[in-house]
Participant: 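Here it is: the structure, laid out below.
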Amino acid sequence: MKALLDYNRYVTRSSKPGARRQFHLVMIKPSHYDDNGYVIQWIRSAIPSNTLAALNGLAEDCARREVLGDDVDLMLTTIDETNTRVRPDRIIKLIQDSGGLGMVALVGVQTNQFPHAMDLARPMLAAGIQVAIGGFHVSGCISMLPKLPADIQEAKDLGISLFAGEAEGGRLDEVLQDAAAGALKPLYNYMNDLPGLEGAELPLLPPEHVRHTAGSHTSFDAGRGCPFQCSFCTIINVQGRKSRYRSADDIEGIIRENHQRGINRFFITDDNFARNKDWEAVFDRIIQLREDEGIDVRFLIQVDTLCHRIPNFIEKAGRAGVTRVFIGLENINPESLVGTKKRQNKITEYRTMLQMWKDVGAMTYAGYILGFPTDTPETIVRDIEIIKKELPLDLLEFFYLTPLPGSEDHKNLDAKGIWMDPDMNKYDLNHVTAGHPLMSKADWERAYKLAWSTYYTPDHMETVMRRAVAKGISPGRMMLLLIWFDSCINLEGIHPLEGSYFRLKFRRDRRSTFERESILAFYPKYWFETVWKHLQLASMIVKIGRLRKRVKADPNRKAYMDLALTPVNDEEMDALEMFGISAGAKASVGRARRDAEHRSKLVAAE
């Protein structure tokens, strides 16, 4: 049991004499299955689980306050399955050895993770262990659908307790006390009562967890909720459209606590940090820590495409240590964006915004959705070629337009009885799960593959590194990220957001709907795949490494300039392909010019 007990710790132990009991809270952030039925798992995972950090922080606070009584030691086990194997048999023994006092919480379970969460829960339920499931799938379905879908109803019928909403505000106390009494409720529904975050318990992961992530990153949310109305998004229906925030004092506390634990790299998981009303106070506090106290912290944040309009936002982000930015670009066709209620994206401002991030030395990622109603394989390839030439993006991530449970899109299709794939494991944005008006399933899948191969060509990867060097960004760091994105798709068939280094597979951990492979079939195939993938990866490193060397050897590398790095002006708008691909794009240019003229008149009047 050593592998499990490495993550098992006493959080508090009362000095009160006498017999003591142990209550085990085992918190698991599950992964999900690949197309061959094996859990997606790595030696080191890429993205830390913010839900696990938040629940762990709440549980540590429950232990300190002795919510189960001063004669009970609350034992916490936290497992992120993307980098740690879950062994239900060991968890069962752990709790049974304590007289059955304990529970298992499957936390932050997304739709694509729900089938695997159920497979993990079944043997524990059969052994009499109490199990609860929470996360976006449960919360989103309860929020948006008139009745529970079949998979959640099955969980309820099996005796799994469902948790919808957020656990701050003493709600975890109630769950733990019910579990200690052996009386978990079938449903804890807090969807209509979202708690405030200011002064709430800090999200913290144990250092041993953080060491199992690439770059030793941890995560926290500075706020929750989003004011926009994108029809494909679940966040607005789970976390609400009214944003709630942690204070600058809270953020400083998170940073200092992690710094004491040797952790200085953070992913701020807010869907859109630029809409945090206290962003400036937070950045100013972080700048003070960096510049006055010498605390070297770095951040990855997520923002919208209008963040550059906020005075000083990007400049202060750079000073605060933001080195990577994820941007919800989604598309360059305004007609597609309007169709999904993402009217806030203004394509005429994409390039200016990206150039401003380049100027502070931040690498840019962008999400790009494939499968809007007017998309075809040909238009998708055309638009990506335009992006490569006209936008100074570093990394582009492609997603299928997916009707995620909890979104308006899913609700509408469900109400109309339109087909959606019944296998929840496929709702990972990396599979076709619904029909398309212009593309067959095969055409859509071909378009998805074309998108990746069109963007990640050797020529364009060299261009991305040249742009990086010209803006003072390390070409080596950029090369590693380019290799990561390209290899995840081409070698693993997994989206880069789920990828990392050295894939783990366990023969007995296959999906229950697949036949278990024999020892003689499984291990030779796994070893051969591992060796072959590493040979391919080595070849990729050599090829892209040559491009990097060529970029570094160029004596004029700092002066590199291309169309994407050139500032936009009114005359250039007619020449850019991005502004002429559709009637909507041309209309956007017209509106941008009228707005510019209006601003000029206001300035002149003043």
Participant: Could you work out, with side chain to side chain donor-acceptor pair (under 3.5 Å) as the rule, every residue matching Y526, not counting sequence neighbours?
Facilitator: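 So Y526 forms no side chain to side chain donor-acceptor pair (under 3.5 Å) with any residue.
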Participant: Salt bridge or not between D119 and R511? Use side-chain N to carboxylate O under 4.0 Å.
Facilitator: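 No salt bridge links D119 with R511.
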Participant: Sub-3.5 Å donor-acceptor pair from the side chain of H24 to the main-chain atoms of S98, do we have one?
Facilitator: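 Between the backbone of S98 and the side chain of H24 there is no qualifying donor-acceptor contact (under 3.5 Å).
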Participant: Counting only N and O atoms by type, is there a donor-acceptor contact under 3.5 Å from the side chain of W452 to the main-chain atoms of F485?
Facilitator: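 No; judged by distance alone, with no hydrogens or angles, the pair does not exist.
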Participant: Please examine the side chains of I91 and V86, heavy atoms only from C-beta on, and report whether any two atoms are closer than 4.5 Å.
Facilitator: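 Heavy-atom side-chain distance check passes, below 4.5 Å.
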Participant: Could you go step by step and tell me if R224 and E168 meet the salt bridge (Lys or Arg N to Asp or Glu O under 4.0 Å) rule?
Facilitator: CA-CA 12 Å; R224 296 176 193 162; E168 283 82 5; 2.8 Å; yes
Participant: Is it the case that the side chain of S487 and the backbone of W484 share a donor-acceptor pair, with hydrogens and angles ignored and the cut-off at 3.5 Å?
Facilitator: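 Indeed, once roles are kept as given, a pair shorter than 3.5 Å links the two residues.
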Participant: Side chains of F232 and S407: closer than 4.5 Å at any heavy-atom pair?
Facilitator: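 They are not in contact (no side-chain heavy atoms under 4.5 Å apart), so the answer is no.
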Participant: Among all residues two or more places apart in sequence or in another chain, which pass the side chain to side chain donor-acceptor pair (under 3.5 Å) test with E174?
Facilitator: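 Counting only residues at least two positions away or on another chain, E174 forms a side chain to side chain donor-acceptor pair (under 3.5 Å) with K185, Y190.
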Participant: List the steps, then state whether side-chain contact (heavy atoms from CB on, under 4.5 Å) holds for V303 with F313.
Facilitator: CA-CA 11 Å; V303 297; F313 180 82; 3.9 Å; yes
Participant: Output every pair passing salt bridge (charged side-chain N to carboxylate O under 4.0 Å, His left out) with a member in residues 23-39, not counting sequence neighbours, ordered by first then second residue.
Facilitator: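 Counting only pairs at least two positions apart or across chains, the salt bridge (charged side-chain N to carboxylate O under 4.0 Å, His left out) contacts touching residues 23-39 are D34-R503.
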Participant: Applying side chain to side chain donor-acceptor pair (under 3.5 Å), name anything that partners N36, two or more places apart in sequence or on another chain.
Facilitator: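 N36 satisfies side chain to side chain donor-acceptor pair (under 3.5 Å) with no residue once adjacent residues are dropped.
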Participant: Check whether NZ of the Lys or CZ of the Arg R171 lies under 6.0 Å from the centre of the six-membered ring of Y188 and within 45 degrees of that ring's axis.
Facilitator: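 R171 over Y188 ring: no.
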Participant: Residues in side chain to side chain contact (heavy atoms under 4.5 Å, CB included) with A317, at least two apart?
Facilitator: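 Checked A317 against side chain to side chain contact (heavy atoms under 4.5 Å, CB included); matches are F283, V322, W357.
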Participant: When you compare the side chains of T84 and H212, does any donor N or O come within less than 3.5 Å of an acceptor on the partner?
Facilitator: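 Their side chains do not contain a donor-acceptor pair, so the 3.5 Å distance test is not met.
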Participant: With the side chain counted from C-beta on, respond yes when L74 and F23 share a heavy-atom pair under 4.5 Å apart, and no when they do not.
Facilitator: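 L74 vs F23: side chains touch.
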Participant: Salt-bridged, R244 to E166, with N to O below 4.0 Å?
Facilitator: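 Result for this pair is yes, salt bridge flagged.
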Participant: What pairs meet the salt bridge (charged side-chain N to carboxylate O under 4.0 Å, His left out) rule with one or both residues in residues 124-141, with sequence neighbours excluded?
Facilitator: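 Counting only pairs at least two positions apart or across chains, no salt bridge (charged side-chain N to carboxylate O under 4.0 Å, His left out) contact touches residues 124-141.
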Participant: Applying side chain to side chain donor-acceptor pair (under 3.5 Å), can you list everything that pairs with Y365, at least two apart in sequence or on another chain?
Facilitator: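 By the side chain to side chain donor-acceptor pair (under 3.5 Å) rule, Y365 matches R324.
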Participant: Tell me, do V72 and E66 make a side-chain contact under 4.5 Å, heavy atoms counted?
Facilitator: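 No; the side chains remain at least 4.5 Å from each other.
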Participant: Answer yes or no: is there an ion pair linking R265 with D296, defined by an N-O contact shorter than 4.0 Å?
Facilitator: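 The answer is yes: the pair qualifies as a salt bridge.
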Participant: Salt-bridge test for R285 and D249: reply yes if a basic N is under 4.0 Å from a carboxylate O, no otherwise.
Facilitator: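 Judged by the 4.0 Å cut-off on N to carboxylate O distance, R285 and D249 do form a salt bridge.
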Participant: Enumerate the residue pairs fulfilling ring pair (Phe, Tyr, Trp, His ring centres under 6.0 Å) with a member in residues 60-85, sequence neighbours excluded, ordered by first and then second residue.
Facilitator: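 Non-adjacent pairs meeting ring pair (Phe, Tyr, Trp, His ring centres under 6.0 Å): zero.
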Participant: Just wondering, do L329 and T305 contact through their side chains at under 4.5 Å, heavy atoms?
Facilitator: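 In short, these two side chains touch, coming nearer than 4.5 Å.
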Participant: Output, in order, the C-alpha distance, side-chain angles, deciding distance and verdict of salt bridge (Lys or Arg N to Asp or Glu O under 4.0 Å) for R64 and E201.
Facilitator: CA-CA 12 Å; R64 284 190 293 269; E201 294 76 16; over 6 Å; no
Participant: Could you walk me through whether S247 and D250 pass the side-chain hydrogen bond (donor to acceptor under 3.5 Å, both in side chains) check?
Facilitator: CA-CA 5 Å; S247 69; D250 295 334; 3.2 Å; yes
Participant: Can you confirm whether L52 sits close enough to L205 that some side-chain heavy atom of one is under 4.5 Å from a side-chain heavy atom of the other?
Facilitator: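 The answer is yes, as the side chains (C-beta and beyond) meet within the 4.5 Å cut-off.
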Participant: Looking at I263, L204, D80, which hits side-chain contact (heavy atoms from CB on, under 4.5 Å) with V210?
Facilitator: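 By the side-chain contact (heavy atoms from CB on, under 4.5 Å) criterion, V210 pairs with just one of I263, L204, D80: I263.
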Participant: Could you walk me through whether L289 and R256 pass the side-chain contact (heavy atoms from CB on, under 4.5 Å) check?
Facilitator: CA-CA 9 Å; L289 294 175; R256 288 191 182 279; 3.1 Å; yes
Participant: A side-chain contact here means heavy atoms from C-beta on lying under 4.5 Å apart; do D509 and E81 qualify?
Facilitator: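 Of all side-chain heavy-atom pairs linking E81 with D509, none is under 4.5 Å.
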Participant: Counting only heavy atoms not in N192, do more than 12 fall under 6.0 Å of its CG?
Facilitator: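 No, CG of N192 has 12 or fewer neighbouring heavy atoms, counting only those of other groups under 6.0 Å.
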Participant: With sequence neighbours left out, write down each residue that passes side chain to side chain contact (heavy atoms under 4.5 Å, CB included) with A117, or none if nothing qualifies.
Facilitator: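 Partners of A117 under the side chain to side chain contact (heavy atoms under 4.5 Å, CB included) test: P30, L106, V109, I133.
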Participant: Which residues satisfy the ring pair (Phe, Tyr, Trp, His ring centres under 6.0 Å) test with F399, sequence neighbours excluded?
Facilitator: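 Partners of F399 by the ring pair (Phe, Tyr, Trp, His ring centres under 6.0 Å) criterion, ordered by chain and then number, come out as H495.
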Participant: Going by the rule side chain to side chain contact (heavy atoms under 4.5 Å, CB included), which residues pair with M479 if we only count those two or more places apart in sequence or in a different chain?
Facilitator: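 Scan of M479 (side chain to side chain contact (heavy atoms under 4.5 Å, CB included), adjacent residues dropped) gives M465, I483, I544, R548.
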Participant: List the residues meeting side chain to side chain contact (heavy atoms under 4.5 Å, CB included) with T402, not counting sequence neighbours, and say none if there are none.
Facilitator: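 By the side chain to side chain contact (heavy atoms under 4.5 Å, CB included) rule, T402 matches Y400, L404, Y427, L429, T433.
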Participant: Determine whether F398 and I489 satisfy the following criterion, side-chain contact (heavy atoms from CB on, under 4.5 Å), listing intermediate values before the conclusion.
Facilitator: CA-CA 11 Å; F398 300 103; I489 289 295; over 6 Å; no
Participant: Given the side-chain rings of H534 and Y501, with only the six-membered ring counted for Trp, is the space between their centroids under 6.0 Å?
Facilitator: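 That pair passes the under 6.0 Å test.
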Participant: Does N425 reach the main-chain N or O of P115 with its side chain, forming a donor-acceptor pair under 3.5 Å?
Facilitator: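 Here the side-chain-to-backbone pair does not exist.
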Participant: Assess whether side-chain contact (heavy atoms from CB on, under 4.5 Å) is satisfied between I95 and M124, documenting all intermediate values.
Facilitator: CA-CA 10 Å; I95 294 176; M124 293 187 281; over 6 Å; no
